[in-house]
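Note: hydrogens, waters and symmetry copies are ignored here, and every other heavy atom, side chains too, is used.
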Amino acid sequence: MRNLHGGCNIFKEIPCIKGEGESFSQEMHPVIEEMPLAVNVNGRHALTAMTSPVMLREFVTGFLYTERIIKGIEEIESIRIEGNTADVLTRNPFKILMSHKTVLSGCGGSMSFLDIGKLPQINSKLSISAQDIGDAVREALDSKLHVKTGGIHVVALYGPGGKIQVIEDIGRHNALDRAIGYALEQGIDLSGTYVICSGRISSEMVRKCLVANIPIIVSRGATTTLAVDIAKARGLTVVGFVRGKKMNVYSGGERISDIPANDAAYVAEVTDEGTEENTEDQKM
């Protein structure tokens with residue numbers, strides 16, 4: 001695996017005044033870098049992302065794929081990144097794009113309505129154990145950068161053989177796009193992988209996994225009701241609150257090899273609660 005940070009610093013030491021009780025001191029503190037990246041596709045502005053200054057090519061590739069602007073890596077003719085601008089040429093220069101979309105740090109989309117029926121169904125035979133999940137979460141989320149700065153999300157791509165890649169970014173949605181872009185460029189079959197993330201599993205995280213055909217998403221944090229409803233309807237496994245040997249499996253229990261069939265069936269029922277989700281979930 002190559003250097004994730006590509007020779008770039010993902011944080012900067014800046015001056016601050018630290019206080020402890022009634023005592024204050026002048027010190028330097030590491031703070032995560034954030035940059036705007038304007039992405040132009042075939043000469044048209046497609047989006048502006050607020051993101052970390054690392055793995056920009058993988059981010060662009062993954063975002064174009066999860067937004068269905070491209071159907072595969074082979075549709076990209078070239079990607080040129082200079083400063084704060086990425087210029088992409090595709091083999092279909094007349095493809096209609098979204099217009100002037102802005103992706104804020106921590107966000108992955110601006111939609112407040114999802115048509116579940118139009119989302120892909122997961123097609124995978126992947127099965128993993130609860131032990132594998134617990135071990136992967138402990139390994140993936142042991143981020144020295146998070147300990148140092150307190151301001152980073154982690155998304156890791158794993159397979160049956162263990163860790164494939166770990167991505168750190170100011171936003172978990174950006175990090176997931178990077179992981180997907182990395183896999184596409186490396187020719188990795190995503191149907192045999194699963195995702196570990198440090199933050200909440202939102203409907204947008206679930207949507208990206210469905211588009212990429214990643215069958216399992218795992219977090220040490222919470223999920224949302226819409227994320228679970230979509231996951232159940234399209235065959236995605238959602239696992240939250242993985243801490244030590246504890247975890248909550250909300251959907252797709254049949255992919256966790258330790259879970260008996262009757263328990264897996266308990267979380268298999270699809271509810272009909274609609275597909276609207278508060279846009280605040282997209283902003284955090």
Side-chain angles (χ1 to χ4, degrees), residues 66 108-109 111-137 140-141 153 155-160 172-173 175-177 179-180 183 189-278 281-282 284:
T66 58
M111 71 282 292
S112 60
F113 184 85
L114 292 171
D115 187 341
I116 294 178
K118 291 183 179 180
L119 293 173
Q121 188 83 21
I122 291 293
N123 180 16
S124 171
K125 296 180 180 179
L126 180 66
S127 176
I128 56 176
S129 69
Q131 182 70 49
D132 286 340
I133 290 175
D135 291 345
V137 169
L141 302 187
H153 273 293
V155 168
L157 194 65
Y158 273 71
R172 67 197 189 283
H173 299 89
L176 180 54
D177 278 331
I180 292 169
D189 180 3
L190 285 165
S191 70
T193 67
Y194 59 103
V195 163
I196 307 292
C197 62
S198 58
R200 182 184 63 250
I201 300 173
S202 68
S203 61
E204 180 67 354
M205 295 288 280
V206 164
R207 186 191 68 81
K208 289 178 184 292
C209 286
L210 292 177
V211 172
N213 197 33
I214 297 172
I216 302 170
I217 182 168
V218 178
S219 176
R220 68 179 172 193
T223 186
T224 69
T225 56
L226 181 58
V228 174
D229 287 344
I230 295 171
K232 286 182 178 181
R234 310 315 288 170
L236 177 72
T237 299
V238 172
V239 185
F241 292 111
V242 181
R243 299 170 186 181
K245 294 184 177 181
K246 296 181 180 180
M247 65 184 65
N248 290 352
V249 180
Y250 296 99
S251 64
E254 67 278 1
R255 288 200 181 91
I256 313 302
S257 58
D258 316 64
I259 296 180
N262 62 324
D263 287 334
Y266 177 69
V267 294
E269 183 180 352
V270 178
T271 59
D272 185 17
E273 298 294 336
T275 57
E276 293 186 19
E277 184 171 64
N278 193 313
D281 182 64
Q282 307 293 343
M284 297 178 65

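With sequence neighbours excluded, the residues forming a side chain to side chain contact (heavy atoms under 4.5 Å, CB included) with V242 are I133, V137, V218, V239, M247, listed by chain and number. The salt bridge (Lys or Arg N to Asp or Glu O under 4.0 Å) search around D258 returns none, not counting sequence neighbours.
When all heavy atoms are compared, the tightest approach of L126 to S191 is CB-O, 4.0 Å.
The shortest side-chain heavy-atom distance between I259 and E254 does not fall under the 4.5 Å cut-off. Annotation: side chain of C209 is in contact with side chain of L176 (closest heavy-atom distance under 4.5 Å). In this structure, H173 and S202 have side chains that are in contact, with non-hydrogen atoms separated by less than 4.5 Å.
Checking side-chain atoms of S219 against main-chain N and O of A222 turns up no donor-acceptor pair under 3.5 Å. At least one donor-acceptor pair closer than 3.5 Å links the side chain of R243 to the backbone N or O of R220. Counting only distance, with no hydrogens or angles, the side chain of R207 and the backbone of T66 share a donor-acceptor pair below 3.5 Å. The main-chain N or O of T224 is never found under 3.5 Å from a side-chain atom of R200 such that the two would form a donor-acceptor pair. At distances below 3.5 Å, not a single donor-acceptor pair connects side-chain atoms of S129 with backbone N or O atoms of S257. Judged purely by atom type and a 3.5 angstrom limit, D132 has no side-chain atom pairing as donor or acceptor with the backbone of P160. No side-chain donor-acceptor contact under 3.5 Å links S127 to the backbone of I256.
Using modelled atom types, one finds a donor on one side chain and an acceptor on the other under 3.5 Å when comparing T237 with R255.
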